[in-house]
Amino acid sequence: MASLPPFPPRNSRESGSGEDVLFAYLLRLGDDSLILGQRLGEWCGHAPSVEVDLSLANMALDLIGQATFFLDRAAEVEGRGRDGDRLAFHRDVLDFRNCWLVEQPNGDFAQTMARQFLFSTWQKLLFGHLVGSTDATLAAIAEKAVKEVTYHQDLASEWIIRLGDGTDESRRRMIEGLDWMARFVPELFEMDEIAVAAAESGIGVDVTHFRGDYDRITGEVLREAGLERPAEQRPVLGGRRGHHGEHLGHLLCAMQFLPRTYPDATW
Amino acid sequence: MSKDWPLWEVFVRSRGGMAHRHVGSVHAPDAEIALRHARDTYTRRMEGVSLWVVPSASIVASDPSDDAAMFDPAQDKIYRHPTFYSIPDDVKHI
């Protein structure tokens, strides 16, 4: 794996141990849910049918709810008077700690479902383990969220199968969507310093432990869809250190415009 | 896309012991997706604990032009109403 030049830690407490690790870990979880929630929200009013529109909006709202819990808890641990909203709307792109997969553009419906399938399968396994976190708040969030994510994974799997095993066009689009997204999967299983520290302290989990389960579950769905596993590509890494693609900045522009332009706005 | 999908009638059981009640319909390509569309469309505000979806095409409906023969004869059969019983206050859902 190519190594990236290190950025100095820009978020207040990301380099030390103990509470710093907890803060950094919560930020990753919160940013993943927040960014994917915002992406799915972009479909609102544009989905192929009103029923699909509601499915996507429901998932978006589940994820934004998770982000609120994770980021509020992160701000509490940080202890600098910020809250979840402050973290969501007043950080710049280099301070975001989400993985690359969730910031990928929606593309067509197949590409959106490819992203959802690859991410929700991982998130379901992750939350399933995080219910045992030594941080009681984190464990409680995971316990609530794992039910939501189980449904996301189920719905996305159904669409992978429908589109993969559908018409020539839906199959072509599904293959293209999976090809686009597959290079961002290795990052989900990366164990960097913070991930290792979180796992060792019992706050977090070692994601490499469920890599086998992930490959088995995704493999079964792809098989039912009549699709090959996407070819190996050079993995794209670095989201957890603030390296992001061009797409995230544009997403944040839309998401942060209102609270940044009118900082005291309420509704 | 959805205009090519068949229509499904959605029934929701609001809580245990109650009957499933017709709440509306969804378009979906097949039964499994219809169930999920019904979940996402009709139970997002805790409306239900159980869902049925039925292909709309499977519903056999009475013909409006037969209304007179079908329903008018029941109008003067007052003795068919169980209104001559007293119902205890604590019996619900009758």
Side-chain angles (χ1 to χ4, degrees), chain A residues 37 40-41 43-65 106-113 116-117 120 144 147-174 220-221 224-225, chain B residues 1-67 70 92-93:
Chain A
L40 287 172
W43 271 108
C44 198
H46 302 280
S49 79
V50 67
E51 294 88 350
V52 175
D53 213 77
L54 277 170
S55 296
L56 296 170
N58 284 350
M59 281 198 283
L61 289 172
D62 286 345
L63 288 160
I64 289 167
N106 287 334
D108 59 15
F109 182 65
Q111 184 171 315
T112 292
M113 281 300 118
Q116 199 67 43
F117 169 63
S120 295
K144 177 182 187 296
K147 291 181 219 161
E148 298 167 344
V149 173
T150 297
Y151 181 75
H152 303 174
Q153 199 273 338
D154 166 81
L155 185 68
S157 300
E158 294 290 339
W159 277 117
I160 300 292
I161 294 163
R162 295 301 181 292
L163 297 173
D165 192 21
T167 64
D168 287 346
E169 186 186 357
S170 73
R171 181 181 165 79
R172 174 181 61 76
R173 287 173 181 255
M174 196 68 248
E220 280 168 10
V221 173
E224 202 175 335
Chain B
M1 179 158 119
S2 66
K3 68 181 185 320
D4 305 323
W5 292 346
L7 196 63
W8 304 74
E9 300 303 320
V10 180
F11 299 81
V12 175
R13 164 180 272 169
S14 57
R15 56 198 149 93
M18 302 291 280
H20 286 73
R21 207 163 68 84
H22 184 240
V23 294
S25 54
V26 291
H27 285 94
D30 56 55
E32 288 301 310
I33 294 286
L35 205 53
R36 287 161 180 83
H37 281 174
R39 183 259 195 196
D40 287 339
T41 307
Y42 292 108
T43 67
R44 54 205 295 273
R45 299 188 184 90
M46 302 190 301
E47 292 92 338
V49 296
S50 169
L51 268 174
W52 288 348
V53 290
V54 178
S56 303
S58 297
I59 303 236
V60 181
S62 60
D63 185 340
S65 66
D66 295 340
D67 279 2
M70 289 284 275
K92 310 288 186 210
H93 312 313

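Residue numbers start from 1 in every chain, and the chains themselves are labelled A, B, ... in the order their sequence lines are given, proteins ahead of strands. Side chains included, hydrogens not; waters and symmetry mates left out as well; all remaining heavy atoms used. Because the structure is predicted, anything quoted here is derived from the model rather than measured.
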(message) Quick check on B:Asp63: does its CG atom have over 12 non-hydrogen neighbours (other residues, nucleotides or ligands) under 6.0 Å away?
(response)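 It does: B:Asp63 CG has more than 12 such atoms within range.
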(request) Report, as yes or no, whether the 6.0 Å neighbourhood of atom CZ on A:Arg172 holds more than 12 heavy atoms from other residues, nucleotides or ligands. (result)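 Count over threshold, so yes.
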(message) Can you list the residues of residues 29-47 of chain B that sit under 4.5 Å from chain A, counting heavy atoms only?
(response)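 Residues B:Pro29, B:Asp30, B:Glu32, B:Ile33, B:Arg36, B:His37, B:Arg39, B:Asp40, B:Thr41, B:Arg44 are the ones that qualify, each having a heavy atom under 4.5 Å from chain A.
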